[in-house]
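The analysis underlying the following values was restricted to heavy atoms, covering all of them including side chains, and did not include hydrogens, waters or symmetry mates. In what follows, every chain begins at residue 1, and chains take the letters A, B, ... in the order their sequences are listed. Predicted, not measured: the structure shown is a model, and the values here were computed from it.
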Amino acid sequence: MRIPRTPGPCAPGILCYNISMKIGYPCINRGIGCTANHTFRLASYSEERLMSTVSENLACLKSILEYNLEKGLLFFRISSDIVPFASHPVCRFDWAGHFKKDFKNIGSFIKKHKMRISMHPDQFVLINSPREDVVERSIAELEYHRTVLETMELPRSAKIQIHVGGVYGDKPSAINRFAERYAKLSAPLRKRLVIENDDRLFSLKDCLEVHKMTGIPVLFDAFHHECLNNGEPLTKAVLSAAKTWKKGDGCLMMDYSSQEKGKRAGNHTRSIDTRKFRKFLKEAGSTEIDVMLEIKDKEKSALKALKIIKNG
DNA sequence: AGTTGTCAAGCTAGT
DNA sequence: ACTAGCTTGACAACT
């Protein structure tokens with residue numbers, strides 16, 4: 001079925017979607033022959049190794065963004081490995097100062113072409129952990145992500161997405177701890193941090209509660225919501241998450257994926273299921289959103305999604 | 001050159 | 001008490 005395009009807001013009851021929607025994919029481009037997430041073993045750390053790796057990563061990131069621009073993919077997630085070991089005590093190198101020009105150059109390109117950027121630190125970033133050392137390392141890692149986006153001089157609509165964290169046997173306390181720790185983060189970090197509903201522990205409803213306590217925007221993951229929800233239909237869920245994004249945050253960021261058939265629940269599909277994506281667009285697409293396709297074949301599926309949006 | 005075990009970081013659920 | 005899985009790539013040691 002063809003989805004008609006209408007510019008601007010959609011009239012109630014009319015099937016349409018927002019044409020300002022940006023489509024993207026995370027971290028890796030499988031076609032262009034370079035990657036922006038080279039790393040190395042901690043044991044082989046040296047300043048020289050770090051410098052050459054970061055230099056290579058930045059050059060590739062620029063190439064990926066140029067490819068994306070050419071194809072009309074205006075949303076991208078930058079890999080946390082862009083600067084390996086940046087928050088590890090072993091790294092005392094002023095990488096942000098040393099590569100300032102390169103970061104700034106990439107940032108200018110992003111801004112010039114109105115691209116949207118996110119970053120997604122790994123699962124061990126847990127600001128609600130009962131363990132002080134875990135919290136300390138998590139904050140250092142978050143500050144590293146903030147520094148990347150700041151060195152690129154990107155606006156606060158470039159976001160860092162994390163999950164609420166662990167439950168530790170007591171969800172209300174875990175949520176309270178998140179709120180307390182969030183309040184103590186540096187202001188420039190708080191400006192960029194958003195939480196994402198996960199597929200096992202913290203549902204959209206939980207995240208909205210955290211938002212109520214802290215004001216933190218909620219990034220909505222449609223696939224996680226399929227795995228864990230409180231009965232909210234998709235359209236309603238998207239709207240409730242969108243409301244948590246204030247002026248300056250930009251429009252709601254979403255993660256989208258679908259189930260790989262025959263694999264355990266929560267496993268991301270290899271390639272986009274265009275039928276499901278059309279259904280998703282019908283239900284969510286009239287809200288102002290940017291959509292990150294967490295699909296294993298990366299830009300290939302993102303291009304298919306873009307085609308559907310352009311041509312129905 | 002190709003293969004395979006392992007990698008900074010944590011939590012949860014299952015044995 | 002211990003470990004696989006999360007989700008995944010790619011480094012690096014070994015054939």
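- Taking atom P on both nucleotides, C:dA4 is separated from B:dC7 by 14 Å, rounded to a whole Å.
- With hydrogens and angles left out, the side-chain atoms of A:S271 and A:D297 include a donor and acceptor closer than 3.5 Å.
- Residues A:T53 and A:T39 fail the side-chain proximity criterion, which asks for heavy atoms closer than 4.5 Å.
- Nucleic acid contact class of A:R137 (heavy atoms, under 4.0 Å, all strands): sugar-phosphate only.
- Taking the six-membered ring where the residue is Trp, the centroids of A:F85 and A:F40 are separated by under 6.0 Å.
- Within the 4.0 angstrom heavy-atom criterion, no nucleotide atom of any strand lies near A:D122.
- Side-chain contact check for A:E143 and A:S186: at least one donor-acceptor pair (N or O, by modelled atom type) lies under 3.5 Å.
- Comparing the P positions of B:dG14 and C:dT7 gives a spacing of 15 Å, expressed to the nearest Å.
- Counting only heavy atoms from C-beta on, A:S129 has its side chain closest to B:dC11 among B:dC11, C:dG9, C:dC11.
- Among residues at least two apart or in separate chains, side chain to side chain donor-acceptor pair (under 3.5 Å) pairs with a member in residues 84-104 of chain A are A:S87-A:E141.
- Side-chain proximity of A:L126 to B:dC11, C:dC11, B:dA9: nearest is B:dC11.
- Between A:R131 atom CZ and B:dA9 atom C1' there is a gap of 10 Å when expressed in whole angstrom units.
- Atom CD1 in A:I139 sits roughly 15 Å away from atom P in B:dG10 (whole-Å rounding).
- The interatomic distance linking A:L50 (CG) with C:dC11 (C1') rounds to 16 Å, in whole Å.
- If you check B:dA9, C:dA10, C:dT7 against the side chain of A:F124, the one that comes closest is B:dA9.
- Between C:dC11 and A:H38, a contact under 4.0 Å exists linking OP1 or OP2 to a side-chain N or O.
- Backbone-only engagement by A:N37 is indicated by non-hydrogen atom pairs under 4.0 Å involving sugar-phosphate atoms exclusively.
- Atom CG of A:L201 is separated from atom C1' of B:dC11 by 8 Å (rounded to the nearest Å).
- Between A:R77 atom CZ and C:dT7 atom C1' there is a gap of 12 Å when expressed in whole angstrom units.
- Of the P atoms belonging to B:dG10 and C:dG9, the separation is 23 Å, rounded to the nearest Å.
- The side chain of A:E141 has B:dA9 as its nearest neighbour among B:dG10, C:dT7, B:dA9.
- Between A:S44 and C:dA12 there is a side-chain polar atom (N or O) within less than 4.0 angstrom of OP1 or OP2.
- Here A:F85 lies in heavy-atom contact (under 4.0 Å) with a base.
- Look at CG on A:D170: it is 15 Å from C1' on B:dC11, rounded to the nearest Å.
- Rounded to a whole Å, the CZ atom of A:R41 is 12 Å from the P atom of B:dA9.
- A:Y168 is listed as a side-chain neighbour of A:R177, based on a closest heavy-atom distance under 4.5 Å.
- Atom P of B:dG2 sits at a distance of 26 Å from the matching atom of C:dT8, rounded to the whole Å.
- Put simply, the side chain of A:R200 and the base of B:dT12 share no donor and acceptor less than 3.5 Å apart.
- Along DNA chain C, the nucleotide closest to A:K296 and the one closest to A:F40 are compared, and the more 5′ of them pairs with A:K296.
- Going from the P atom of C:dT3 to that of B:dT6 covers 14 Å, rounded to whole Å.
- Note: A:F93 and A:F99 have perpendicular aromatic rings, judged against thresholds of 30 and 60 degrees for the angle between ring planes.
- Checked by atom type and distance alone, the side chain of A:K304 never pairs as donor or acceptor with a backbone atom of A:E299 at under 3.5 Å.
- Residue contacts for A:V167: at a heavy-atom cut-off of 4.0 Å it reaches the sugar-phosphate backbone alone, with no base atom in range.
- Note: A:F223 and A:Y256 fail the aromatic proximity criterion, with ring centroids not under 6.0 Å apart.
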So what is the 5' to 3' dot-bracket string for DNA chain C, if pairs are Watson-Crick or G-U wobble with both distances under 3.5 Å, crossing pairs use [ ] and | means the partner sits on another strand? ||||||..|||||||
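- Closest approach to the A:Q123 side chain among B:dG5, B:dG10, C:dG9 is made by B:dG10 (side chain taken as heavy atoms from C-beta onward).
- Here B:dA8 is the nucleotide among B:dC11, C:dC11, B:dA8 with the atom lying nearest to any side-chain atom of A:S87.
- Spacing between C:dC2 and B:dA8 at atom P, rounded to whole Å, works out to 23 Å.
- Here the side chain of A:R49 is nearest to one of C:dA10, C:dA12, B:dG10, namely C:dA12.
- Listed candidates were C:dA10, B:dA8, B:dT12. Nearest to the side chain of A:T35 is C:dA10.
- In this structure, the side chains of A:R131 and A:R137 come closer than 4.5 Å at one or more pairs of heavy atoms.
- Atom-to-atom, NE2 of A:H120 to P of C:dG9 comes out at 15 Å; the value is rounded to the nearest Å.
- Ranked by how close their nearest DNA chain C nucleotide is to the 5' end, A:L42 and A:R30 are led by A:R30.
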